[in-house]
Asker: 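Sharing a structure with you now.
Sequence positions, counted from 1, serve as the residue numbers for this chain. Values in this document were obtained by computation on a predicted structure and should not be read as measured data. Both counts, for ligands and for their atoms, begin at 1 and track the order of listing.
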Amino acid sequence: MRLYLINPSNPLVSIVRVKESRWNRYRVWKPLGLMVLAGLTGPEWEITIVDENLGVPAYAAMPRPDLVGITAFTSQANRAYEVASHFRNLGVPVVMGGIHATMCLDEAIEQVDSVVTGEAEGIWSQVLEDARHHSLKGRYDGGLAEMDDVPLARHDLLGVGYAFGAIQTTRGCPLNCSFCSVTAFNGAKYRQRPIADVVREFQTIREKRVLVVDDNLIGISAGHIARAKEMFRAMAEAKLRKEWVSQATINFADDEELLALAAKAGCRGIFIGFESPTPEGLVEVGKKFNLLKGRDFRASVRRIQRHNILVVGSFIIGLDIDEPGIGRRIAEAASQYGVDNLNVLFLTPLPGTRLWDQMASGGRIALDTFPEDWKYYTLTFPVARYKHLSLEEVIEEMVCCDRDFYSMLRIARRVWSNLWQYRKPLIALVGNLSYRSNLRLNCKAYADLKRYWANRGNCIKQS
Ligand code: B12
Ligand code: SF4
């Protein structure tokens, strides 16, 4: 039995534009969900994982599979349906799973033979069994998995072409920020994998550098943090010799022992959502940790960096409180906090989030011809009507923010300060140049988007 597991590409996402900017090579990540699915699949299936981010293959020239499984974030949904249609025309059954199919079940069900909602661990073997007997059902629900059931991902199936390996050690997040899909999809209960499984899986990863894809690496309670420390100790003892990056909330900075253990286990970078430079903005998105009274962001960032861990700060433009000038304000705040890289995204209503409900009920979703418009839901395009910023203005704020933070002068200062503190100036330089090199590409993409908005007759100014 032949199984294709496919990760569809979205040409609007910068990671696939390697030809235009070779720095993007470092930003192509492995589709871990499909590698986990492969880990759940029995030996009677011959599995091929196709990651279209590395190039779209000539499907017609490939041997006919018995089953196709497709994953998709919302921004990939469009292409997922194109691929599904190709195989369905050949009479090959197509199953779709992942976050988009879960959040937009009714839409997905129209486009494929079978939809698996939720996490696959508890249900995939049933789907395969039904596929073997030509009795696939239209819908399966995996719910939330037991973490003991998460298999070792099949890292052997995606060998070359990536700068980073990928692994997951926890799922879920109790914080439920308004714009984020994680609580809606993976649940509010923070679930941790058995430490022995994490160490064993790390040992099967070939790449020296790894993305630990957890949304909230250390969790929020004393118990979660104690477990994170235990995991870091086990990783260090296993002498994995890996360097890894992950995501956490700013409370990562609050425990020196935790930071020391993380660094010893190989942590070299952490992605932190600051979201807004103002307390009002933090209240709006519900980012509770960042509101801690007396929190000194600069000191927190510095504490992390002292352990040779780079900090990437993420902010959002387009909140209801954001007015003209927000771009420069974010660039200033990020420089003042001392982050090594800045990642700014447009406020985007993703299906299933609290933000989606608010914006949809207020008639504020501007790009709403679905499924075609999903390709713009990359967080790098404005897709909604913003309260105090027109389309032109919100784009201008983004460009101004990026130009300010990624000016050569500011890059030079950051790299110099990195060198001075004996951290990783080369990694900081590559990261900064990679972002900078996309500025020109982004401006072209914004121009195309403005034309698209205009053709749709969308009113540009909202307030
Ligand atoms: C790693 C990651 C990335 C990597 C991508 C790696 C990759 N190619 O998969 C990078 C950094 C490139 C990335 C980029 C983006 N990401 Co991202 N990313 C994640 C993150 C943190 C982890 C994903 C992961 O690997 N999970 C671990 C695996 C095991 O879980 P899984 O993929 O969900 O798979 C399980 C189930 O979904 C199911 N399943 C999945 N696929 C299939 C298929 C079949 C057939 C079946 C049966 C089951 C099934 O079974 C699996 C096992 O249980 C998630 C957050 C999250 N917790 O999901 C955000 C997340 C998926 N990303 C998100 C977003 C918005 C983006 C971007 C659009 C914007 C951005 N700038 O971040 C881009 C777009 C990328 C694109 N190509 O279009 C959103 C997506 C929301 C949505 N509705 O689409 C999430 C949920 C984060 C959030 N804050 O809301 N991302
Ligand atoms: S943004 Fe981060 S902290 Fe907020 S719900 Fe999502 S994963 Fe949790």
Side-chain angles (χ1 to χ4, degrees), residues 3 5-16 27-37 39-40 51-53 67-77 79-80 94-104 112 114-124 127-128 140 142 144-145 149-151 153 162 164 166-168 170-186 188 190 211-216 219-220 246-250 271-273 275 285-290 314 343 345-346 348-354 356 374-375 377-380:
L3 171 67
L5 295 175
I6 301 178
N7 185 36
S9 71
N10 176 349
L12 296 176
V13 175
S14 62
I15 53 170
V16 298
R27 297 168 68 187
V28 184
W29 310 94
K30 292 188 176 184
L32 183 59
L34 296 182
M35 293 151 71
V36 168
L37 219 53
L40 295 167
D51 183 1
E52 290 195 344
N53 286 332
L67 181 69
V68 168
I70 305 185
T71 192
F73 299 166
T74 290
S75 56
Q76 297 164 292
R79 173 67 188 155
V94 175
V95 184
M96 182 167 168
I99 190 150
H100 185 75
T102 303
M103 297 305 173
C104 296
V112 297
S114 179
V115 173
V116 177
T117 51
E119 300 174 3
E121 282 77 1
I123 198 75
W124 184 236
V127 178
L128 291 177
Y140 298 84
L144 298 180
D149 294 340
V150 177
Y162 300 90
F164 287 79
I167 191 171
Q168 186 175 43
T170 64
R171 285 185 189 166
C173 179
L175 297 176
N176 199 15
C177 300
S178 69
F179 57 87
C180 173
S181 321
V182 171
T183 310
F185 183 67
N186 295 110
Y190 187 65
L211 171 68
V212 178
V213 304
D214 300 28
D215 302 286
N216 186 343
I220 58 166
S246 191
Q247 310 180 92
T249 38
I250 189 70
F271 187 101
I272 293 181
E275 321 305 0
V285 297
K287 196 87 187 191
K288 302 173 194 87
F289 263 119
N290 297 22
S314 178
N343 188 39
L345 300 164
F346 290 107
T348 303
L350 291 167
T353 59
R354 292 193 285 127
W356 172 274
W374 290 131
K375 62 176 177 291
Y377 283 62
T378 57
L379 281 52
T380 53

Asker: Show me which atoms of ligand 1 lie under 4.0 Å from any heavy atom of Ser75.
Answerer: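 Those atoms are 68 (C), 74 (C), 76 (C), 78 (O).
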
Asker: Counting only heavy atoms, tell me which of Ala77, Pro11, Gly97, Pro31 gets closest to atom 42 (C) of ligand 1.
Answerer: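 Considering heavy atoms of Ala77, Pro11, Gly97, Pro31, the nearest to atom 42 (C) of ligand 1 sits in Gly97.
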
Asker: For the pair Asp51 and Lys30, evaluate side chain to side chain contact (heavy atoms under 4.5 Å, CB included) and give the outcome as yes or no after the intermediate values.
Answerer: CA-CA 8 Å; Asp51 183 1; Lys30 292 188 176 184; 5.9 Å; no

Asker: Could you measure the distance from the OG atom of Ser178 to the CD atom of Glu275? Nearest 0.5 Å is fine.
Answerer: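 With rounding to 0.5 Å, OG (Ser178) is 9.0 Å from CD (Glu275).
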
Asker: Quick one: pull up OH in Tyr140 and CD1 in Ile123 and give me the separation to the nearest 0.5 Å.
Answerer: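 Between Tyr140 OH and Ile123 CD1, I get 7.5 Å after rounding to 0.5 Å.
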
Asker: Against Val94, only a single residue in Val112, Leu67, Val115 fulfils side-chain contact (heavy atoms from CB on, under 4.5 Å); can you say which?
Answerer: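 It is Val112, the one option of Val112, Leu67, Val115 that forms the side-chain contact (heavy atoms from CB on, under 4.5 Å) with Val94.
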
Asker: To the nearest 0.5 angstrom, please state how far the CG atom of Asn7 sits from the CE atom of Met35.
Answerer: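 So the gap between those two atoms works out to 11.0 Å.
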
Asker: In the protein, what heavy atom is nearest to atom 2 (Fe) of ligand 2, and what distance, to one decimal place, separates them?
Answerer: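 Going atom by atom, the protein heavy atom closest to atom 2 (Fe) of ligand 2 ends up being Lys287 NZ, 3.7 Å.
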
Asker: With distance as the sole criterion, is a donor-acceptor pair present between the side chains of Ser246 and Asp214 under 3.5 Å?
Answerer: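 No, no side-chain donor-acceptor pair sits under 3.5 Å.
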
Asker: Residue-level breakdown please: for Ile70 versus ligand 1, do any non-hydrogen atoms fall below 4.0 Å on the side chain, on the backbone, on both, or on neither?
Answerer: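 It is the backbone that gets close, since no side chain atom is under 4.0 Å.
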
Asker: Report the residue from Asn186, Val213, Leu144, Val182 that forms a side-chain contact (heavy atoms from CB on, under 4.5 Å) with Arg171.
Answerer: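 Between Arg171 and the candidates, side-chain contact (heavy atoms from CB on, under 4.5 Å) is satisfied uniquely by Asn186.
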
Asker: Between Met96 and Ala72, which heavy-atom pair has the shortest distance, and what is it?
Answerer: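 So the minimum-distance heavy-atom pair works out to CE-CB, 3.8 Å.
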
Asker: Kindly indicate whether the side chain of Pro151, heavy atoms from C-beta on, has any atom under 4.5 Å from the side chain of Val36.
Answerer: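 Yes, their side chains come closer than 4.5 Å.
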
Asker: Relative to atom 44 (C) of ligand 1, which among Leu40, Leu37, Val116 owns the nearest non-hydrogen atom?
Answerer: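 Nearest heavy atom to atom 44 (C) of ligand 1 lies in Leu37.
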
Asker: So is there a nitrogen or oxygen of Ala120 less than 3.5 Å from a nitrogen or oxygen in ligand 1?
Answerer: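 Ala120 vs ligand 1: N/O contact under 3.5 Å present.
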
Asker: State the atoms of ligand 1, each with its element, that fall below the 4.0 Å cut-off from a heavy-atom position in Val13.
Answerer: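 Under 4.0 Å from Val13, ligand 1 has these atoms: 76 (C), 78 (O).
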
Asker: Is the closest heavy atom of Gln168 to ligand 1 under 4.0 Å?
Answerer: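 For ligand 1, residue contact (heavy atoms, under 4.0 Å) with Gln168 is present.
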
Asker: If you count the atoms of ligand 1 from 1 in the order shown, which ones are under 4.0 Å from a heavy atom of Thr74?
Answerer: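 Result: 82 (C), 83 (N), 84 (O).
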
Asker: List the residues meeting side-chain hydrogen bond (donor to acceptor under 3.5 Å, both in side chains) with Asp215, not counting sequence neighbours, and say none if there are none.
Answerer: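 Residues passing side-chain hydrogen bond (donor to acceptor under 3.5 Å, both in side chains) with Asp215: none at all.
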
Asker: Could you tell me, atom by atom, which parts of ligand 1 come under 4.0 Å of a heavy atom of Gln247?
Answerer: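 It comes down to these atoms of ligand 1: 21 (C).
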
Asker: Report yes if some N/O of Asn53 lies less than 3.5 Å from some N/O of ligand 1; otherwise report no.
Answerer: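 Looking only at distances, the answer is no, because the N/O contact criterion of under 3.5 Å is not met.
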
Asker: Determine, using heavy atoms of His100 and all atoms of ligand 1, whether some pair is separated by less than 4.0 Å.
Answerer: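 His100 does not count as a contact of ligand 1 under the 4.0 Å cut-off.
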
Asker: Give the atom numbers and elements of ligand 1 that come within less than 4.0 Å of a heavy atom of Leu32.
Answerer: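 Selected atoms, number and element: 25 (O).
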
Asker: Please could you name the atoms of ligand 1 that Trp124 approaches to less than 4.0 Å, counting only its heavy atoms?
Answerer: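 Under 4.0 Å from Trp124, ligand 1 has these atoms: 47 (C).
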
Asker: With a 4.5 Å heavy-atom cut-off, do Pro351 and Trp374 have their side chains touching?
Answerer: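 Touching, per the 4.5 Å side-chain cut-off.
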
Asker: Taking atom OG1 of Thr249 and atom CG of Asn290, what is their separation to the nearest 0.5 Å?
Answerer: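 Result: 7.5 Å between the selected atoms.
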
Asker: Which distance, rounded to the nearest 0.5 Å, do you find between the CG of Leu32 and the CD of Gln168?
Answerer: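 Between atom CG of Leu32 and atom CD of Gln168 there are 6.0 Å.
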
Asker: Counting each atom of ligand 1 from 1 as listed, which ones have a heavy atom of Glu121 under 4.0 Å away?
Answerer: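 Ligand 1 atoms under the 4.0 Å threshold to Glu121: 52 (C), 53 (O).
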
Asker: Quick one: which of Thr380, Thr378, Ile99 has a heavy atom closest to atom 69 (C) of ligand 1?
Answerer: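 Of the listed residues, Thr378 has the closest heavy atom.
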
Asker: Could you establish whether Ala166 and ligand 1 come within less than 4.0 Å of each other, counting only heavy atoms on the residue side?
Answerer: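 Checking ligand 1 against Ala166, which is what was asked, there is no heavy-atom contact under 4.0 Å.
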
Asker: Side chain or backbone, does Tyr377 bring an N or O within less than 3.5 Å of an N or O on ligand 1?
Answerer: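 Min N/O separation from ligand 1 is not below 3.5 Å for Tyr377.
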
Asker: Side chain, backbone, both or neither: which part of Lys30 has a heavy atom under 4.0 Å from ligand 1?
Answerer: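 Only the backbone of Lys30 comes within reach of ligand 1.
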
Asker: Purely on distance, is any nitrogen or oxygen of Asn186 under 3.5 Å from one on ligand 1?
Answerer: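 By distance alone, the answer is yes.
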
Asker: Ignoring hydrogens and geometry, is there a side-chain-to-backbone donor-acceptor pair from Thr378 to Thr380 under 3.5 Å?
Answerer: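 Flag set: sc Thr378 to bb Thr380 pair under 3.5 Å.
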
Asker: Heavy atom of Arg171 under 4.0 Å from ligand 1?
Answerer: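 Per 4.0 Å heavy-atom rule, Arg171 contacts ligand 1.
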
Asker: Can you sort out which atoms of ligand 1 are near Leu350, meaning under 4.0 Å from one of its heavy atoms?
Answerer: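 With Leu350 as reference, the close atoms of ligand 1 come out as 65 (C), 81 (C).
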
Asker: How many protein atoms of type N/O/S are positioned less than 2.8 Å from atom 6 (Fe) of ligand 2?
Answerer: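 Step by step: take atom 6 (Fe) of ligand 2, keep protein N, O, S below 2.8 Å, and you get 1.
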
Asker: Angle between ring planes, Trp29 versus Phe164, binned at 30° and 60°: parallel, tilted or perpendicular?
Answerer: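 The rings of Trp29 and Phe164 sit tilted, inter-plane angle from 30° to 60°.
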
Asker: Touching ligand 1 at all, Cys180? Heavy atoms, strictly under 4.0 Å?
Answerer: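 Right, Cys180 reaches ligand 1.
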
Asker: For the 3.5 Å polar cut-off, considering only N or O atoms, please tell me whether Glu119 and ligand 1 meet it.
Answerer: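 No: no nitrogen or oxygen of Glu119 is under 3.5 Å from one in ligand 1.
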
Asker: Hey, is Val213 touching ligand 1 through its side chain, its backbone, both or neither, going by heavy atoms under 4.0 Å?
Answerer: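 Under 4.0 Å from ligand 1, Val213 contributes backbone and side-chain atoms.
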
